[in-house]
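These notes are about the structure you will find just below.
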Amino acid sequence: MEYQALAKDILGHVGGKENIVSLVHCATRLRFKLKENQKADAEGLKTNPGVIMVVESGGQFQVVIGNHVHDVWQAVRGEAGLSDDAPVADDTGDKGSLFGRLIDIVSGIFTPFIGILAASGILKGLLALAVVCGWLSTDSGTYKIWFAASDALFFFFPMVLGYTAGKKFGGNPFITMVIGGALIHPAMIQAFEASQQAGAVGDAFLGIPVTWFNYSSSVIPIILAAWVSCWLEKQSAKRLPSSMKNFFTPLICLAVTVPLTFLVIGPIATWLSQLLANGYQWIYVLAPWLAGAAMGALWQVCVIFGLHWGLVPLMINNLAVLGHDSMLPMLLPAVFGQVGAALGVFLRSRDARQKMLAGSSVTAGIFGITEPAVYGVNLPLRRPFIFGCVAGAIGGAIVGFSDTHVYSFGFANIFTVAQMIPPGGVDATLWGGIFGTLVALVLSCVMTLVAGMPGRAAEATPVAVTVGENDVLSPMTGTVLALDQVPDATFASGLLGNGAAIIPSDNKVIAPFAGEVASLFATKHAIGLLSDSGIEVLIHVGIDTVKLDGKPFTAHVKVGDKVQPGDLLLEFDRQAIIDAGYDLATPIIISNSDEYRDVVTVAATAVQAGTPLLCVSHQ
């Protein structure tokens with residue numbers, strides 16, 4: 001199996017299959033609900049090259065994988081022996097805060113079908129584009145069939161949500177799915193339409209008046225009804241004899257929950273839905289540009305911690321109640337702000353590995369998957385991520401000021417533009433949404449090109465720096481990596497000493513202090529130095545590069561040579577090392593760390609050769 005090794009590593013770092021309560025996945029993440037979060041090793045899992053990031057938020061242990069998350073999810077389920085056949089109750093494990101539990105419930109209900117949800121919204125948008133461009137007529141059979149395909153999920157939302165909510169609440173999902181089916185049964189829709197006619201006689205259930213609503217496309221009523229049904233199912237199962245459970249438990253759930261939903265739960269939930277939609281609309285009308293700026297700036301921060309799921313039901317509820325949503329268009333600049341920042345890194349970077357990662361991240365980001373850009377490119381460099389958020393805020397303010405809406409749900413991506421086409425045809429709101437998105441993309445790209453990455457070290461001139469006796473300067477330019485993130489257990493464990501690592505962006509190693517060359521490997525891939533103050537440093541270019549037998553390396557010093565800060569020690573062919581399949585992560589180790597009280601990394605995420613990297617503290 002292609003992802004079997006990755007699945008085994010993930011399973012081992014989450015505490016084994018016995019520690020898993022449930023496992024689902026969204027567009028890029030595996031979302032674990034664990035019995036004991038302290039048994040999981042997030043830092044250890046981050047070192048796996050197949051894992052982009054690990055986030056613990058919303059009561060979930062989230063492993064960011066990327067676009068192939070579904071394949072990894074299947075591999076993990078296979079290794080753990082997990083099955084979808086039986087419902088999983090989340091009554092065990094860490095409860096977490098009320099907000100965290102709410103996020104967990106929402107994501108658990110919506111993630112199983114988020115892909116088809118986005119696809120349905122995109123198809124709706126493309127149909128609207130086809131009608132506006134005159135390619136299709138709403139009276140044609142082609143349009144009707146594709147419209148049915150795009151609208152089926154939304155119309156039958158109560159049934160789909162009934163199934164996933166039933167599983168999330170630990171009940172029989174087929175019971176809750178049938179309850180959802182009852183809400184949109186043709187007889188109930190006919191009763192609603194009849195009740196809208198003037199002079200219509202009200203209906204009653206056992207003498208209790210019924211207020212009819214159209215529950216197609218609704219969200220909140222079925223979720224509340226599913227919770228009630230699952231609670232009732234558990235209580236019935238406890239009290240009924242085993243010979244009666246299979247038939248009478250579903251009977252009680254249907255006979256009680258369906259009428260209760262039409263009489264109490266449905267009207268209350270409908271009122272709550274309208275209250276949420278109208279409340280959001282009231283806030284939005286007060287200052288749409290401010291709402292857009294806030295969403296554009298903070299959305300990606302919410303995505304990092306998995307908190308964005310709290311807003312998804314609100315967007316869907318807006319569409320169900322109002323027929324449109326203004327929140328989703330404001331997220332488009334936030335997405336393309338990060339895409340633009342990653343594009344800036346791609347255009348400026350001379351590091352082949354970083355350039356390849358940034359390029360693939362741009363492609364994924366265009367289609368709404370921003371985790372590779374955020375975790376793999378922008379966030380490690382810091383400034384590109386900040387520039388993406390700033391550009392997202394400016395673009396979001398423009399979108400909010402333009403009063404742009406979407407008319408179907410989906411991920412914020414390039415296809416959202418089609419979903420912003422109003423039913424009456426193209427107008428200024430659409431162009432405002434497009435303009436705001438382009439502003440975010442271009443602005444973040446330009447800011448990253450100008451100031452988003454550190455400059456290169458001088459090609460031949462040694463760097464003149466005044467160095468304290470406890471300072472170790474960076475021997476190369478590149479991205480700083482914590483030592484425990486180095487993909488080599490010997491270095492990562494600290495057995496050879498404390499320090500840091502750098503992924504180099506050029507091909508030179510310079511002296512980090514005044515001292516002498518203590519050792520030089522015959523293969524020239526590693527060099528040992530001793531400072532005048534007694535600090536012993538090992539610089540090891542790449543991981544396992546000893547196997548290259550010295551071919552990509554050139555030494556400019558020999559053992560016993562005296563060096564000053566900035567003197568050229570080694571040169572190496574970065575591209576040859578990459579092409580040979582070796583990792584460029586370069587550990588810089590204080591070999592005699594035991595003689596010092598502490599070794600502290602003082603450099604930021606990006607560092608330039610000749611600037612402070614480490615500081616040692618005496619006993």
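Residue numbers run from 1 in the order of the sequence given.
Residue pairs that meet the salt bridge (charged side-chain N to carboxylate O under 4.0 Å, His left out) test with at least one member in residues 124-134, sequence neighbours left out, are Lys124-Asp151. The side-chain hydrogen bond (donor to acceptor under 3.5 Å, both in side chains) pairs that include a residue from residues 406-419 are Ser408-Gln419, where partners are two or more places apart or lie in different chains.
Rounding to the nearest 0.5 Å gives a distance of 6.5 Å between SG of Cys253 and CD1 of Ile179. Taken from OG1 in Thr257 to CD1 in Ile222, the straight-line distance is 9.5 Å, to the nearest 0.5 Å. The distance from the CG atom of Leu343 to the CG atom of Leu441 is 6.5 Å, given to the nearest 0.5 Å. The CZ atom of Phe262 lies 14.5 Å from the CD1 atom of Ile208; values are rounded to the nearest 0.5 Å. The line from CZ of Phe157 to OG of Ser216 is 11.5 Å long, rounded to the nearest 0.5 Å. In this structure, CG on Leu381 lies 11.0 Å from CZ on Phe387, to the nearest 0.5 angstrom.
A perpendicular orientation is assigned to the rings of Tyr163 and Phe174, their planes being inclined by more than 60° (bins at 30° and 60°).
In this structure, the side chains of Ile316 and Phe154 stay at 4.5 Å or more apart for every pair of heavy atoms. Using a 4.5 Å cut-off on side-chain heavy atoms (C-beta onward), Leu443 and Met447 make contact. Thr429 places none of its side-chain heavy atoms less than 4.5 Å from the side chain of His405. Taking 4.5 Å as the limit, every side-chain heavy atom of Arg348 sits out of range of all side-chain heavy atoms of Thr448. In this structure, the side chains of Leu34 and Ile20 come closer than 4.5 Å at one or more pairs of heavy atoms.
When atom types are taken as modelled, the side chain of Asn317 and the backbone of Ser273 share a donor-acceptor pair closer than 3.5 angstrom. The main-chain N or O of Gly162 is found under 3.5 Å from a side-chain atom of Thr176 such that the two form a donor-acceptor pair. Ser444 places no side-chain N or O within 3.5 Å of a backbone atom of Gln338 that could act as its donor or acceptor partner.
Between Phe32 and Val63, the closest heavy-atom pair is CE1-CG2, 4.0 Å.
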